[in-house]
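As the structure lists them, so they are numbered: ligands from 1, and atoms in each ligand from 1. Every heavy atom of this structure was used, including side-chain atoms; hydrogens, water molecules and symmetry mates were not.
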Amino acid sequence: MTELRSGLYNAKLPPAGQRNALREGHVPVAVYGLGKMGLPLAAVYARVTGDVVGVDINDDVVRTVNDGECHVAKEPGLPELVAEQVERGALRATTDSVAAAETAVVHVIIVPTPLSDDREPDLAAFEAVLDSIATGLSAGDMVVVECTVPPGTSRELVVPYLEAKSGVTRDEFGVAFCPERTSSGRALQDITESYPKIVGGVDAESTRVASLIYSEITANEVIEMSDATTAEAVKLFEGVYRDVNIALANELARARDDLGIDVREAIDAANTQPYCNIHAPGAGVGGHCIPWYPYFITSRVSAEMPLLLTARDVNDSMPTFTADKLRDELARTGRDIEGATVAVLGVTYRPGVAETRATPAAGVIDRLREHGASVLAVDPMLDDDVVASFGATPVALADLTSHALDGVVVVTPHEEFDDIEWAAFDDLVVVDGRGTLGEIGHSVYVIGGGPRP
Ligand SMILES: NC(=O)c1ccc[n+]([C@@H]2O[C@H](COP(=O)([O-])OP(=O)(O)OC[C@H]3O[C@@H](n4cnc5c(N)ncnc54)[C@H](O)[C@@H]3O)[C@@H](O)[C@H]2O)c1
């Protein structure tokens with residue numbers, strides 16, 4: 001295979017030949033980061049190109065993948081696809097990022113780009129990958145950034161970094177930002193067909209190569225942006241739109257008691273007009289995307305951006321609002337939250353996804369404890385030690401009814417909660433953050449909806 005290795009950037013082959021080389025296993029691909037998004041992406045690349053090495057710093061992840069197994073839960077079709085691609089020799093994994101970089105022509109980066117405590121994008125993992133790529137970079141290689149980065153990163157960080165450390169000159173390798181527009185639980189579908197793929201290169205040739213690659217990966221349209229920075233902005237704009245919109249829904253939900261209406265009902269009806277698309281209120285906004293991306297923009301822009309920051313403040317205030325609502329509802333029924341036993345349902349930030357970064361459950365638990373409640377927490381997606389790390393006592397769902405509870409806060413409605421035997425409890429006070437509970441025979445306050453009979 002090595003003698004047939006085909007570069008793509010400024011390649012001698014005509015485009016049709018490049019496409020064939022890509023399909024026939026002559027374009028080795030390295031995917032750096034085999035997490036919830038990286039593993040599905042690597043598996044799809046393997047199906048298309050037949051030659052992918054996945055790189056991860058986690059030995060367990062690498063071992064699992066090489067065994068043809070899938071460490072990412074609740075991702076339809078992924079265990080089968082990983083098994084199939086490993087079996088046919090199209091996908092393997094390694095911790096040796098430099099060796100992977102030396103063999104690869106296409107380098108796909110999909111590692112975490114979190115927010116630091118001082119609200120700056122933390123590009124440490126990203127830069128570690130760039131170091132490895134620089135060591136193995138060859139003329140004709142293409143670097144594809146899929147993980148979310150601040151605007152300007154491809155042009156101002158990736159290109160100069162690789163050029164300075166690799167010895168390969170600027171006109172010999174390509175760089176494009178091609179954002180992951182995928183949600184956990186439907187990754188394969190999203191990667192291969194759900195939405196148009198956005199690609200933006202640091203130059204026209206990079207955009208051309210990225211477009212060629214992704215026209216093989218997705219059955220959907222490939223949209224070529226004018227440059228990489230615009231593509232980086234697209235991903236961030238999607239996130240801040242949702243953050244600001246959810247903040248609007250949350251602010252309206254906070255006004256519910258004064259208005260004396262069901263704000264959710266009003267939102268649903270308002271949204272029947274095509275220019276209105278107000279999102280749903282809740283106990284807060286979590287995960288490693290929406291709550292972080294506003295700072296990816298504000299950290300790179302000198303202009304004031306009060307709307308983005310106010311939206312963040314509103315959404316960050318919702319866990320406290322939610323816990324305080326339980327305190328008020330308990331008081332309304334003559335009970336004191338101090339000394340009460342309260343269960344938090346759902347510690348992950350989203351139903352069905354084992355992800356706790358920036359979860360609103362953390363703020364809810366903290367506030368309930370500040371009020372003097374004894375806090376239990378149930379999450380079928382998480383191990384007990386993870387739940388305990390948030391300061392709550394972990395309880396198995398099957399054991400919930402054996403506890404004498406005064407209150408419940410539904411933060412994240414996993415489908416497993418549909419089976420709770422609510423009748424087993426005496427006179428509960430429940431705050432439903434997402435409005436998913438039906439008639440359960442207890443006093444329920446829905447965030448935005450208000451008290452249910
Ligand atoms: N999860 C989502 O819904 C989603 C959606 C859109 C975009 N994204 C983007 O994708 C990125 C990755 O998301 P994810 O959900 O796959 O994260 P994840 O935390 O599930 O996985 C990240 C993986 O990268 C590995 N890793 C960390 N540092 C590494 C390094 N230096 N070299 C190689 N591997 C390394 C980790 O061990 C882990 O397996 C996010 O940071 C975000 O920018 C995620």
Side-chain angles (χ1 to χ4, degrees), residues 30-45 52-66 70-75 78 82 93-101 104 107-116 121-136 143-151 153-154 177-191 194-195 197-198 231-232 234-240 242 285-293 295-296 348-359 381 386:
V31 176
Y32 305 85
L34 294 175
K36 288 187 286 302
M37 290 301 126
L39 184 59
L41 188 65
V44 171
Y45 260 97
V52 172
V53 58
V55 181
D56 206 288
I57 52 171
N58 184 328
D59 289 324
D60 291 338
V61 166
V62 167
R63 200 173 320 113
T64 311
V65 172
N66 283 332
C70 173
H71 67 95
V72 180
K74 296 212 172 194
E75 205 56 82
L78 187 59
V82 169
T94 182
T95 53
D96 189 342
S97 52
V98 170
H107 306 263
V108 183
I109 313 177
I110 178 92
V111 292
T113 46
L115 197 70
S116 67
D122 173 357
L123 300 182
F126 185 75
E127 289 182 7
V129 171
L130 288 183
D131 264 336
S132 304
I133 295 175
T135 309
V143 178
V144 172
V145 179
E146 279 250 359
C147 52
T148 312
V149 291
T153 300
S154 298
F177 184 73
C178 309
E180 185 67 69
R181 307 176 85 197
T182 311
S183 292
S184 286
R186 47 173 210 242
L188 291 181
Q189 193 184 354
D190 286 354
I191 291 167
S194 298
Y195 319 111
K197 184 72 187 180
I198 304 295
E232 289 160 350
V234 170
K235 175 68 191 173
L236 297 170
F237 287 4
E238 289 170 16
V240 297
R242 291 175 67 196
V285 176
H288 56 68
C289 296
I290 298 177
W292 289 354
Y293 294 168
Y295 302 112
F296 278 42
T348 66
Y349 85 99
R350 241 186 74 187
V353 179
E355 174 62 70
T356 58
R357 280 173 281 193
T359 178
M381 300 295 300
V386 178

One finds that the ligand 1 atoms under 4.0 Å from a non-hydrogen atom of Val129 are 30 (C), 31 (N), 32 (N)
Among non-hydrogen protein atoms, atom 21 (O) of ligand 1 lies closest to Gly35 CA, 3.1 Å
A student checking ligand 1 against Ala125 at a 4.0 Å heavy-atom cut-off should list atoms 28 (N), 31 (N)
For Val144 and Cys178, the nearest pair of non-hydrogen atoms, with its separation, is CG1-SG, 3.8 Å
- Item | Criterion side-chain contact (heavy atoms from CB on, under 4.5 Å) on Ile133 and Ile109, from CA distance to verdict | CA-CA 10 Å; Ile133 295 175; Ile109 313 177; 3.8 Å; yes
- Message: Checking the N or O distance criterion of under 3.5 Å, is ligand 1 in contact with Lys36?
- Response: yes
Nearest non-hydrogen protein atom to atom 14 (P) of ligand 1, with distance, is Met37 N, 3.8 Å
Taken to the nearest 0.5 Å, the spacing of Ile290 CD1 from Arg350 CZ works out to 9.5 Å
One finds that the ligand 1 atoms under 4.0 Å from a non-hydrogen atom of Val55 are 33 (C), 34 (N)
If you scan protein heavy atoms around atom 11 (C) of ligand 1, the nearest is Val111 O, 3.7 Å
Here the gap from Leu115 atom CG to Arg357 atom CZ, rounded to the nearest 0.5 Å, amounts to 12.0 Å
Nearest heavy-atom approach of Val240 to Tyr293 is CG1-C, 4.2 Å
Taken to the nearest 0.5 Å, the spacing of Arg181 CZ from Asp190 CG works out to 10.0 Å
The reported gap from CG in Leu39 to NE2 in His71 (rounded to nearest 0.5 angstrom) is 5.0 Å
In ligand 1, the atoms that come under 4.0 Å of a heavy atom of Pro112 are 22 (C), 24 (O), 27 (C), 41 (O)
Ligand 1 to Thr113, heavy atom cutoff 4.0 Å, flagged ligand atoms 41 (O), 43 (O)
Does a salt bridge link Lys197 with Glu146, judged by any charged N lying under 4.0 Å from a carboxylate O?
yes
(Q) In this structure, does ligand 1 have an atom that sits under 4.0 Å from one of the heavy atoms of Lys235? (A) yes
Per-atom filter on ligand 1: closer than 4.0 angstrom to a heavy atom of Thr182 are 3 (O), 5 (C), 6 (C)
Counting from 1 in the order shown, the ligand 1 atoms closer than 4.0 Å to a non-hydrogen atom of Gly33 are 24 (O), 33 (C), 34 (N)
Thr148-ligand 1 polar pair, N/O distance under 3.5 Å: yes
Taken to the nearest 0.5 Å, the spacing of His288 NE2 from Met37 CE works out to 7.0 Å
Exercise. Look at the side chain of Glu232 and the backbone N and O of Ser154, then say whether any donor-acceptor pair between them is shorter than 3.5 Å.
Key: yes
Sub-3.5 Å N/O-N/O distance, Arg357 and ligand 1 | yes
Quick look: His288 vs ligand 1, heavy-atom contacts under 4.0 Å, and the answer is side chain
Heavy-atom proximity to atom 42 (C) of ligand 1, picking from Phe296, Trp292, Tyr293, points to Tyr293
of all protein heavy atoms, closest to atom 12 (C) of ligand 1 is Ile110 O, 3.8 Å
Any N/O pair Asp56/ligand 1 closer than 3.5 Å: yes
Any Gly38 heavy atom less than 4.0 Å from ligand 1: yes
Value for OH (Tyr349) from OG1 (Thr356), rounded to nearest 0.5 Å, stands at 10.5 Å
- Heavy-atom distance under 4.5 Å between the side chains of Trp292 and Thr113, does that happen here? no
shortest atom 30 (C) of ligand 1-to-protein heavy-atom contact is with Ile57 CG2, 3.7 Å
Quiz prompt | Tyr195 OH: over 12 foreign heavy atoms closer than 6.0 Å | solution = yes
Cys147 heavy atoms within 4.0 Å reach ligand 1 at atoms 11 (C), 43 (O)
